[in-house]
Amino acid sequence: ITTDVHKNHFHLSSDTRSISQNTIKMSLPARYGFVVLAAVANLVHTAYLGFQVGKARKQFGVKYPQMYDDSKPHFNCFQRAHQNTLEYLPLLLVLLFLGGLSFPLPAAIGGFVWVAGRHAYATGYQTGNPEKRLQGGFGYIGLLTCLASTLYTAFTNL
């Protein structure tokens, strides 16, 4: 299928999806859409955690711009769950997108495992008992899957 829209050319085939604009051409492997869906799931979950912090601010009476409140450790658990997820998000997205170039399905599965782990991490943390955040540790299996996929992409393209 070829479409010409304002000097953009879209070429679709069963093996790759190519987008060319003037002299720029990008080919993505089949099933790369799953990688994109995993990224979107992580972004939506991170936004959800932000809303949880907003609700916790009202519940515990913590006003903006104060990030933490030493007198309200339960609120701090909500804030840390969100903040820690934000800290990892750039790392995950880079590894997911690059690893997905070589292994789209394993990278996407890694991205979904990571977001499930982040959810378990946040749910445990938000109980007010910081030790319960450790129940999300399985998410690192997903992150390491994305890392391994990215390293393969790097070393096969030296």
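The first residue of the sequence shown is numbered 1, and numbering continues consecutively from there.
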side-chain hydrogen bond (donor to acceptor under 3.5 Å, both in side chains) partners of residues 87-112, not counting sequence neighbours, each pair once: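 Residue pairs with at least one partner in residues 87-112: R80-E87, Y88-Y140, S102-T153.
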
Ring geometry between Y121 and Y125 (parallel below 30°, tilted from 30 to 60°, perpendicular above 60°):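 Taking Y121 first and then Y125, their aromatic rings stand perpendicular (interplane angle over 60°).
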
Which heavy atom of [X] sits nearest to which heavy atom of [Y], and what is that distance?
X	Y	answer
A39	F97	CB-CZ, 3.6 Å
C146	L92	SG-CD1, 4.5 Å
V53	Q79	CG1-OE1, 3.0 Å
R31	P104	O-CB, 3.8 Å
A120	G136	CB-CA, 3.8 Å
A108	A38	O-CB, 3.6 Å

Sub-4.5 Å side-chain heavy-atom contact between F78 and K55: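 A side-chain contact under 4.5 Å is absent here.
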
Between [X] and [Y], is there shared hydrophobic-cluster membership here, with clusters defined by ILVMFWY side-chain heavy atoms closer than 4.5 Å?
X	Y	result
L49	M67	no
V35	V94	yes
L43	V36	yes
F112	L96	no
V115	L86	no

T150: side chain to side chain contact (heavy atoms under 4.5 Å, CB included) partners, not counting sequence neighbours: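 Partners of T150 under the side chain to side chain contact (heavy atoms under 4.5 Å, CB included) test: L95, L98.
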
Gap between atom [atom2] of [Y] and atom [atom1] of [X] - 0.5 Å precision:
X	Y	atom1	atom2	answer
H74	Q126	NE2	CD	7.5 Å
D69	K63	CG	NZ	11.5 Å
Q59	F75	CD	CZ	10.5 Å
H82	Q52	NE2	CD	10.0 Å
N76	Y68	CG	OH	7.5 Å
K132	T123	NZ	OG1	11.5 Å

Contacts of type ring pair (Phe, Tyr, Trp, His ring centres under 6.0 Å), residue F103, not counting sequence neighbours: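 For F103, the residues satisfying ring pair (Phe, Tyr, Trp, His ring centres under 6.0 Å) (neighbours in sequence not counted) are Y152.
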
Heavy-atom neighbours of K72 NZ exceed 12 at 6.0 Å: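 Atom NZ in K72 is packed in, count exceeds 12.
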
Whether N42 side chain and L93 backbone form a donor-acceptor pair below 3.5 Å: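 No: the side chain of N42 does not pair with the backbone of L93.
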
